[in-house]
Amino acid sequence: MTTPRRRDGDSVGGLRDGSATFEELRERAIALRREGLSRRQIRDRLKVSNNDLLNRLLEGEPPPDWTKRPNARDDLRTRAREMRRQGMTYDRIQLELGCSKSSISLWVRDLPKPDRPPRTREEASAIAKRGWEATLRRREIERQQTKLAAAREIGAMTDRELFLVGVGLYWSEGSKSKPHRHSEAVVFINSDPGVIQTYLAWLSLLGVEPDRIRYRVMIHESAQVADAEQYWADLVGVDVGTLEKTTLKKHNPKTVRKNVGALYRGCLVVRTLKGADLYRRIEGWWYGIVVGARSTI
């Protein structure tokens, strides 16, 4: 069987049709492309098994419109190809667009490599750092967009939805009676301001009057205690002087803590006076949720 050869005499691999020259195959490939065939269809029609050879056969011939699938990244791909034609490197394209190098390579691999002077190790490191920072910024934007879209899915809550959320919150974070320590006090502790606000909204829904609620801060003694007390008082809408005595946790120098700095405000303890009856109802509500959940399995 005769091995196909290019016009310059070089062998052409990846062909099963040994009777055709490279130029003849290229003419046939371009004709099939202009008829609207995809790369896979052309490859099967011409019996070409080598993708590099197929790239050479179709070089400069655009794909038909029907093979272009809608994709949110099409605009990035177009811009990346244009920047590559202008002689930009993968690092520069990544810096400008915030795309990964693997995606850029996939988009522009059929374009010629630009001539570029050698760069120092420091220059290469700086470019890589800027490219990674651009990628991180893009990811953060995507992360925030996802969170915002998820928040919109919740919308306004009904009283029943808030009621069920509150029961779950309390049973996760509130104090509970134990066989070894019988107690029916309604005490809730958390460091998340959003959780505290949701819990207080739940108490209000249940008809618990504000004068039955007491607040106390728990925090490490090495923190900015006064600032934390003022923060929690402002959050729940009370005078800082009405807070119960703050509980200070002793500082252990051997412990490497991550919750430090200006944003560390400890936890807020929310205690409901005369809460025995409320505690019993909370326990019953939680049991009802558990039974209801089991029935759906």
Side-chain angles (χ1 to χ4, degrees), residues 1-119 121 123-125 127-139 141-142 145-146:
M1 181 174 65
T2 304
T3 302
R5 296 181 178 273
R6 297 185 61 171
R7 185 167 45 196
D8 55 11
D10 292 341
S11 296
V12 180
L15 298 177
R16 293 196 293 270
D17 182 358
S19 60
T21 66
F22 177 85
E23 289 72 17
E24 291 172 340
L25 279 173
R26 176 168 167 77
E27 290 180 5
R28 292 165 60 186
I30 292 176
L32 292 173
R33 192 58 150 171
R34 292 176 180 176
E35 290 177 14
L37 272 66
S38 67
R39 286 173 56 90
R40 179 181 293 274
Q41 291 171 326
I42 296 172
R43 184 188 66 188
D44 295 342
R45 187 76 62 86
L46 299 183
K47 309 253 187 286
V48 175
S49 60
N50 187 298
N51 283 329
D52 289 335
L53 175 58
L54 185 60
N55 288 337
R56 295 203 304 270
L57 292 174
L58 295 174
E59 185 175 1
E61 193 66 24
D65 291 338
W66 73 265
T67 64
K68 301 177 183 178
R69 295 173 294 180
N71 192 309
R73 303 182 63 138
D74 280 350
D75 181 57
L76 288 176
R77 178 182 182 278
T78 300
R79 292 168 61 189
R81 290 181 63 82
E82 180 59 31
M83 294 166 73
R84 187 64 166 176
R85 291 190 183 98
Q86 295 173 6
M88 294 187 184
T89 63
Y90 285 8
D91 289 332
R92 179 68 184 279
I93 297 173
Q94 182 187 40
L95 177 61
E96 295 291 334
L97 303 183
C99 306
S100 67
K101 285 188 180 180
S102 60
S103 296
I104 296 171
S105 174
L106 182 65
W107 294 338
V108 306
R109 62 185 178 184
D110 61 315
L111 299 179
K113 294 181 179 180
D115 295 329
R116 60 182 181 183
R119 63 170 66 99
R121 179 179 300 178
E123 290 173 335
S125 177
I127 291 174
K129 181 180 179 181
R130 292 196 299 270
W132 179 241
E133 289 173 348
T135 298
L136 291 179
R137 288 194 297 270
R138 176 176 56 80
R139 289 181 180 177
I141 292 173
E142 293 174 351
Q145 289 175 338
T146 300

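Computation of the quantities below employed the complete heavy-atom set of this structure, encompassing side-chain atoms and omitting hydrogens, waters and symmetry-equivalent molecules.
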Checklist entry - At what distance, to the nearest 0.5 angstrom, does CD1 of Ile30 lie from CZ of Arg26? => result 3.5 Å
Item to check | Contact list for residues 102-114, test salt bridge (Lys or Arg N to Asp or Glu O under 4.0 Å), sequence neighbours left out | outcome: Arg81-Asp110
Next on the checklist: Using side-chain heavy atoms (C-beta onward) and a distance below 4.5 Å, is Leu46 in contact with Leu32?
Outcome noted: yes
Checklist entry - Quick one: are Arg45 and Arg28 in side-chain contact, heavy atoms under 4.5 Å? => result no
Item to check | For the student: nearest non-hydrogen atoms of Ala134 and Gln94, plus distance | outcome: CB-O, 4.1 Å
Checklist entry - Would Arg84 and Trp107 count as a side chain to side chain contact (heavy atoms under 4.5 Å, CB included) if you check the C-alpha gap in whole Å, the side-chain angles of each, and the deciding distance to 0.1 Å? => result CA-CA 10 Å; Arg84 187 64 166 176; Trp107 294 338; over 6 Å; no
Checklist entry - For atom CD of Glu133, is the number of surrounding heavy atoms from other residues, nucleotides or ligands below 6.0 Å larger than 12? => result yes
Checklist entry - So how far is it from Glu82 CD to Leu111 CG, rounded to the nearest 0.5 Å? => result 10.0 Å
Item to check | Side-chain donor/acceptor of Glu24 to backbone N/O of Thr21, under 3.5 Å | outcome: yes
Item to check | Steps toward side chain to side chain contact (heavy atoms under 4.5 Å, CB included) verdict (Asn55, Arg39) | outcome: CA-CA 9 Å; Asn55 288 337; Arg39 286 173 56 90; 2.9 Å; yes
Checklist entry - Below 4.5 Å, heavy atoms only, C-beta onward: do Thr135 and Trp132 meet side chain to side chain? => result yes
Item to check | Nearest-0.5 Å distance that lies between atom CZ in Arg43 and atom CG in Asn50 | outcome: 10.5 Å
Checklist entry - Step by step, would you call Ile42 with Leu57 a side chain to side chain contact (heavy atoms under 4.5 Å, CB included)? => result CA-CA 10 Å; Ile42 296 172; Leu57 292 174; over 6 Å; no
Checklist outcome for this item: When rounded to the nearest 0.5 Å, the distance separating CG of Leu58 from CG of Leu53 is 9.5 Å
Item to check | Contact summary for Val108 and Tyr90, nearest pair of heavy atoms | outcome: CG2-CE1, 3.6 Å
Checklist entry - Within the side chain of Arg33, is there an N or O that forms a donor-acceptor pair under 3.5 Å with the backbone of Leu37? => result yes
Next on the checklist: My understanding is that only residues two or more places apart in sequence, or in another chain, count here; which of them pass side chain to side chain donor-acceptor pair (under 3.5 Å) with Arg85?
Outcome noted: none
Item to check | Interatomic spacing from CZ in Arg77 to CG in Asp75 - rounded to 0.5 Å | outcome: 11.5 Å
Checklist outcome for this item: Residue pairs passing the salt bridge (Lys or Arg N to Asp or Glu O under 4.0 Å) test with at least one member in residues 93-106, sequence neighbours excluded, are Asp91-Lys101, Arg92-Glu96
Checklist entry - Roughly how far apart are Met88 CE and Ile104 CD1, rounded to 0.5 Å? => result 11.5 Å
